[in-house]
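As the structure is a prediction and not an experimental result, all values here were calculated from the model. Residue numbering restarts at 1 for every chain, and letters A, B, ... go by the order of the sequence lines.
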Protein chains: 2
Amino acid sequence: MDYAAANVSERRFLPPRVAVSTVAFALRPPAEGANPHPSESEPHNITLWLPLVRRTRDPFRGQWALPGGPLTWNESLSDTSRRTLADTTGASPRYLEQLYAFGEPERSASDQRLVTIAYWALLTNDEIAGDTGVQTVSEPAAAQRSSGQLGNGQLSNVAWFSADSLPDLAFDHADIVNYALWRLRNKTEYSTVAYRFLGESFTLAQLRVVYEAVLGKQSDPANFRRQALASGHLRETGRVETGVGYRPAKLYSFSDVDHAASDTRRSS
Amino acid sequence: MDYAAANVSERRFLPPRVAVSTVAFALRPPAEGANPHPSESEPHNITLWLPLVRRTRDPFRGQWALPGGPLTWNESLSDTSRRTLADTTGASPRYLEQLYAFGEPERSASDQRLVTIAYWALLTNDEIAGDTGVQTVSEPAAAQRSSGQLGNGQLSNVAWFSADSLPDLAFDHADIVNYALWRLRNKTEYSTVAYRFLGESFTLAQLRVVYEAVLGKQSDPANFRRQALASGHLRETGRVETGVGYRPAKLYSFSDVDHAASDTRRSS
DNA sequence: GCAAAAGTGTTCCTGTTACACCCATGG
DNA sequence: CCATGGGTGTAACAGGAACACTTTTGC
């Protein structure tokens, strides 16, 4: 049962491998030094980031790829997504949703066909593992250069990238990321997914910043407030923010009335 | 490589099988004899139907299941969906979209794990194969009774069922059908999928009947007309319907401006 | 002309957008 | 009291729902 040793001519006799890959989004300020004087057209210092893993074996050895791995015999698809994401990046998302199954015959470029079931996840800042062993880079070249040797001498094949400037990805993972981005933005417009970027309590301004970062456009604070409150998914905590030099805002929490499994849509 | 012979204790050493199943919807008048005097609350004689296949092997031998089959080595996922649907039911849908990948470890109840990638399809009346060899039944009991022996003496393991009254299905196929129904109705509300139930040209009244059948509620003809025309997806053919005893309606055709791959959404 | 459905006009209502304005707090 | 963002009010606008009404055909 050593399928890996088979050559290409045996592809037709091998069963497809099944793997799970995950696009895990987090919100972060852009890399230090970049954009020191934000213009009016780009008012927010927050962008989408995601972790990638450098492949250590063929095919696509050395290229960046989505975190993931093969399905194991007793694990559900979503469990495989969670496990492989946690093992490689340390992240443990509360929000996880199946994205799509990719199964074109030639997508693996190896001796065995590969069917990948992609998931996407949203991470709050405290669902991201501590910085030990994981680095953050702003552009592919920097990642290529610095990957491997960390400051403390450890090796790491994981790095976070801005979703705007990804390196060349293995397999069709660039398509997967683009689709996940599309789905995140689409769902942000009609559902409350974006709330999952925030922690237990947050102000309406923080929530609005999330929406503006994901959708890439500004919202009127007054109207945003009304629509958010009208959605019925916000509960006042009774607390207010502290440490600001102006009127402190109320802190809200997300009340997930219907805790049914999260859902999907697409349009056009 | 004879995986089928392995026993249950070897599950953990076997790679998962990958299969594709398809929920293929069509619109049909309800079975003859049923509801001879439609009431006001149920004004339309049109309901959703879908083909099922009786399993001839374990697991779930003898139970009804969605048409489908294993992925073959050089076929895309959607090609497998089309091929297995055509082979068993004769139907060739123009509209086909991936639904979801189902992969719980225990969903197959056999010696080998089964990952099923489900598709859903919409069929116009002329995309459904001729009636030869395929029967239509209105309730599970009738199907169970009549399945097998057809009028002309042929055997058939395929039958069409009303989506409202399905028999017990193999695997988790009942979940798959319910999810496909949910997706069809959801997408009907914000996209033009429902147009795919109709042929080359159709009247606005016919289109409205499709919407009413899928969504299960009536629409105001005047408002429906305006919204349909405002969508920009209708093109006048210049022809009108014939054979009616009143003012004939204009015939329209569906103009698919952006012929990009169809998309998905879900809500809440 | 009559019945029936096609097709048009109009009003009401609701939710969104734009923007003026007041409120509460730290310094 | 001033600056700053939190929070409220409101008028204009757009799209949908309800329904009255006119038009066109076969008989």
Side-chain angles (χ1 to χ4, degrees), chain A residues 38 40-41 43-46 186 188-192 194 198 201-213 215-253 267-268, chain B residues 38 40-41 43-46 185-186 188-192 194 198 201-253 267-268:
Chain A
E40 282 303 311
S41 63
H44 289 303
N45 267 342
I46 305 231
N186 190 338
T188 296
E189 288 185 329
Y190 66 85
S191 80
T192 54
L198 297 168
S201 66
F202 47 86
T203 67
L204 287 173
Q206 290 172 326
L207 181 62
R208 181 167 48 84
V209 165
V210 170
Y211 270 80
E212 291 175 343
L215 298 179
K217 65 178 181 194
Q218 292 194 258
S219 304
D220 180 294
N223 295 329
F224 181 86
R225 145 183 308 278
R226 268 184 293 253
Q227 286 170 234
L229 293 175
S231 78
H233 290 285
L234 287 175
R235 211 187 48 229
E236 284 194 29
T237 63
R239 290 173 286 137
V240 293
E241 65 180 339
T242 56
V244 292
Y246 45 84
R247 173 176 177 177
K250 289 178 183 169
L251 286 169
Y252 293 86
S253 66
S267 69
S268 183
Chain B
E40 281 304 310
S41 61
H44 288 302
N45 266 343
I46 304 230
R185 289 181 173 134
N186 190 336
T188 296
E189 288 184 330
Y190 67 85
S191 80
T192 54
L198 296 167
S201 66
F202 47 86
T203 69
L204 288 173
Q206 289 171 325
L207 181 62
R208 181 166 48 83
V209 165
V210 169
Y211 271 78
E212 291 176 344
V214 172
L215 298 179
K217 66 179 181 194
Q218 291 194 259
S219 304
D220 179 293
N223 294 330
F224 182 86
R225 146 184 306 279
R226 267 184 293 254
Q227 287 170 234
L229 292 175
S231 78
H233 290 284
L234 288 175
R235 212 187 49 228
E236 284 194 28
T237 62
R239 290 172 286 137
V240 293
E241 65 180 339
T242 56
V244 291
Y246 45 85
R247 174 176 177 177
K250 289 179 184 171
L251 287 168
Y252 293 86
S253 65
S267 70
S268 185

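Contacts of B:Ala222 with the nucleic acid, taken as non-hydrogen atoms under 4.0 Å apart, include base atoms.
A salt bridge is defined here as a Lys NZ or Arg NE, NH1 or NH2 lying under 4.0 Å from an Asp or Glu carboxylate O, and A:Arg208 with A:Glu212 meets this definition. In this structure, A:Glu236 pairs ionically with A:Lys250, as a charged nitrogen and a carboxylate oxygen lie closer than 4.0 Å.
Rounded to an integer number of Å, the gap from A:Leu234 CG to D:dG7 P is 12 Å. Going from atom CZ of B:Arg239 over to atom P of C:dA6 covers 17 Å, rounded to whole Å. A straight line from CG of B:Leu204 to P of C:dG7 spans 7 Å, rounded to a whole angstrom. The CG-C1' distance, from A:Leu229 to C:dT16, rounds to 16 Å in whole Å. Distance CG (A:Leu251) to C1' (D:dG5): 15 Å, rounded to an integer number of Å. Between B:Arg225 atom CZ and C:dA5 atom C1' there is a gap of 10 Å when expressed in whole angstrom units. Note: CZ (B:Phe224) to P (D:dA17) measures 12 Å, nearest angstrom.
Here C:dA6 is the nucleotide among D:dA18, C:dA6, C:dA18 with the atom lying nearest to any side-chain atom of B:Ala249. The side chain of A:Lys250 lies closest to D:dG7 when the candidates are C:dT17, D:dG7, D:dA18.
The shortest non-hydrogen separation linking A:Ala228 to A:Leu207 is CB-CD2, 4.3 Å.
Each of A:Gln227 and A:Arg247 has a nearest nucleotide on DNA chain C; the 5'-most of these lies closest to A:Gln227. Closest-nucleotide positions on DNA chain D for B:Asp220 and B:Gly245 were compared, and the one nearer the 5' end corresponds to B:Asp220.
Two rings, from A:Tyr211 and A:Phe224, have their centers less than 6.0 Å apart.
The base of D:dG9 sits within donor-acceptor range of the side chain of A:Arg226, with an N or O pair under 3.5 Å.
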